[in-house]
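Comments concern the structure below.
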Protein chains: 2
Amino acid sequence: MERGRPRNFDRTLALRRAMEVFWERGYEGTSLSDLTEAMGIERPSLYAAFGCKEALFREAVDLYNEIEGVPAQRVLETALTARQAIETMLRDYAATYTQVGKPPGCMIVLAALLGTPQNKDVRDHLARHRRESRLALKARIVRGMAEGDVPQTADAERVGGFYATLLEGLSIQARDGASRLDLEAIIDGAMTAWDPLVACGKTLPRR
Amino acid sequence: MERGRPRNFDRTLALRRAMEVFWERGYEGTSLSDLTEAMGIERPSLYAAFGCKEALFREAVDLYNEIEGVPAQRVLETALTARQAIETMLRDYAATYTQVGKPPGCMIVLAALLGTPQNKDVRDHLARHRRESRLALKARIVRGMAEGDVPQTADAERVGGFYATLLEGLSIQARDGASRLDLEAIIDGAMTAWDPLVACGKTLPRR
DNA sequence: GGAATTATTTACTGATTGGTATGAAAAAGG
DNA sequence: CCTTTTTCATACCAATCAGTAAATAATTCC
């Protein structure tokens with residue numbers, strides 16, 4: 001059984017609030033005072049519950065990934081073809097990047113891109129997340145090639161890199177004020193590239 | 001004639017050093033101590049020569065744009081066709097994003113993306129630069145339509161948005177360690193999209 | 001009820017932030 | 001030479017940064 005005074009705030013809710021501030025302002029742009037204010041708790045409570053700023057950020061990233069990332073990533077597995085998978089994933093992300101009442105763009109892409117050398121660990125953490133996303137994208141194309149819905153000629157590395165780059169670009173567009181329809185139009189464009197992209201393969205003529 | 005003690009350091013060189021630090025660490029990730037150390041001058045000299053941190057940053061952005069941005073943007077005007085213009089621009093940027101001895105990616109894209117509310121002006125400043133780049137891209141497509149090398153059916157907004165998004169994504173790829181060849185491969189992919197992209201026009205079938 | 005345990009509040013820490021006051025040093029004009 | 005003008009280096013400023021010490025308050029176990 002639990003001993004001592006029970007915590008009198010909702011840890012999960014407080015973490016959610018922290019996530020939103022980090023998502024909006026980034027890791028270094030968010031101060032402890034910003035966090036305690038948004039979470040509705042005092043500083044020592046934050047440290048007791050989450051350890052330190054960096055640990056709180058990592059938990060916030062995990063929560064973000066769970067809420068916003070995993071659902072969009074899941075279709076990568078469930079969709080029947082690689083093309084369907086990637087298009088649906090892109091459109092799902094376009095939706096999450098432009099939700100009203102939430103910061104635009106992807107927290108994992110935006111929240112710790114540049115900064116002081118002493119926060120390199122935080123940036124690397126997000127960079128690893130992005131790397132995994134790229135690998136998942138590429139893996140889905142490889143799977144499509146194995147299952148026959150993507151031509152054997154395709155260069156999975158190139159196709160995956162292309163769509164990963166576009167996806168990360170969408171976060172910046174969203175920060176710059178692009179609407180969901182704007183992002184959808186860009187995705188339309190990217191999807192028209194699918195057929196020639198998977199067709200041309202590794203030996204692409206240059207210029 | 002000049003009166004008084006002459007300045008004892010090369011202002012342009014100092015600005016260049018400041019640019020490199022801002023480019024590497026971003027606006028908020030760079031402290032005045034970082035700057036004075038990199039510039040080889042003391043704090044009051046910095047303030048006398050540049051005003052304040054934000055003014056110095058804006059000058060650094062201008063310098064960056066002059067050195068890294070303008071040359072790549074120029075081909076947008078000089079190239080004979082819209083397609084040539086955009087492809088060459090993308091490849092020029094891929095080169096600048098991966099120069100050895102310089103920070104990877106684009107300073108204008110990366111250096112002030114998220115942060116505290118009190119630095120909103122700085123972020124808006126870079127956002128305006130990005131907006132102009134997008135408009136220039138779109139304008140080049142419109143020109144191509146007028147000159148006949150791009151079909152009248154094309155949707156300049158969509159095509160421009162697509163390549164602008166990809167270009168901004170390339171900065172993140174570069175920060176994540178992508179080589180010039182990696183970026184070139186992604187650009188290869190993006191250019192295979194050109195024909196279907198300019199062909200399909202505004203009435204694109206959805207899904 | 002009392003002891004033990006944990007959370008909360010208040011106030012504080014040393015370090016660092018962007019930005020300056022001050023006076024010495026170095027040049028030019030007369 | 002001496003005054004004027006500007007820059008330089010040292011030292012400093014209040015504010016904020018992330019993180020804590022200490023005491024009080026609230027709960028459970030016995």
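Below, read A as the first sequence line, B as the second, and so on, with proteins coming before strands; counting in each chain starts at 1. All values below were derived from every heavy atom in this structure, side-chain atoms included, with hydrogens, water molecules and symmetry-related copies excluded.
- Taking atom CG of residue Leu32(B) and atom P of nucleotide dC13(D), one finds them 18 Å apart after rounding to whole Å.
- Between the CZ atom of Phe9(A) and the C1' atom of dT8(C) there is a distance of 10 Å, given to the nearest Å.
- If you take CZ of Arg11(A) and C1' of dT8(C), they are 17 Å apart, rounded to a whole angstrom.
- Where Gln118(B) and Gly4(B) meet DNA chain D, the nucleotide closest to each residue was compared, and Gly4(B) sits on the side nearer the 5' end.
- Considering every non-hydrogen atom in both Leu63(B) and Leu15(B), the closest pair reads CD2-CG, 3.9 Å.
- At most 12 non-hydrogen atoms from other residues, nucleotides or ligands lie less than 6.0 angstrom from CZ of Arg131(B).
- Using a 4.0 Å cut-off between charged nitrogen and carboxylate oxygen, Asp188(B) and Arg158(A) count as a salt-bridge pair.
- Judged by distance alone, with hydrogens and angles left aside, Arg43(A) brings a side-chain donor or acceptor within reach of the base of dA18(D), the pair sitting under 3.5 Å.
- Of the two residues contacting DNA chain C, namely Pro44(A) and Glu54(B), the nearest-nucleotide position lying further toward the 5' end is that of Pro44(A).
- The residue Thr116(B) sits apart from the nucleic acid: no heavy atom pair falls under 4.0 Å.
- Rounded to an integer number of Å, the gap from Phe22(B) CZ to dG18(C) P is 9 Å.
- For Asn8(B), no side-chain nitrogen or oxygen approaches OP1 or OP2 of dA26(C) to under 4.0 Å.
- The phosphate of dC17(D) (OP1 or OP2) has a side-chain N or O of Ser31(A) nearer than 4.0 angstrom.
- Remark: P of dC8(D) and CD1 of Ile41(B) are 8 Å apart, rounded to the nearest angstrom.
- Looking at heavy-atom distances under 4.0 Å, Pro6(B) makes contact with sugar-phosphate atoms alone, never a base.
- At a cut-off of 3.5 angstrom, the base of dT7(D) holds at least one donor-acceptor pair with the side chain of Arg5(B).
- Computed from coordinates, the Tyr47(B) OH to dG19(C) P distance equals 3 Å when rounded to whole Å.
- In this structure, Ser45(A) does not reach the dA7(C) phosphate: none of its side-chain N or O atoms is under 4.0 Å from OP1 or OP2.
- Put simply, CZ on Arg25(A) is 14 Å from P on dT16(D), counting in whole angstrom units.
- Counting to the nearest Å, the C1' atom of dT20(C) and the NZ atom of Lys53(B) are 17 Å from each other.
- Counted by atom type alone, Glu20(A) and Tyr64(A) present zero donor-acceptor pairs between their side chains at under 3.5 Å.
- At distances below 3.5 Å, not a single donor-acceptor pair connects side-chain atoms of Asn119(A) with backbone N or O atoms of Val122(A).
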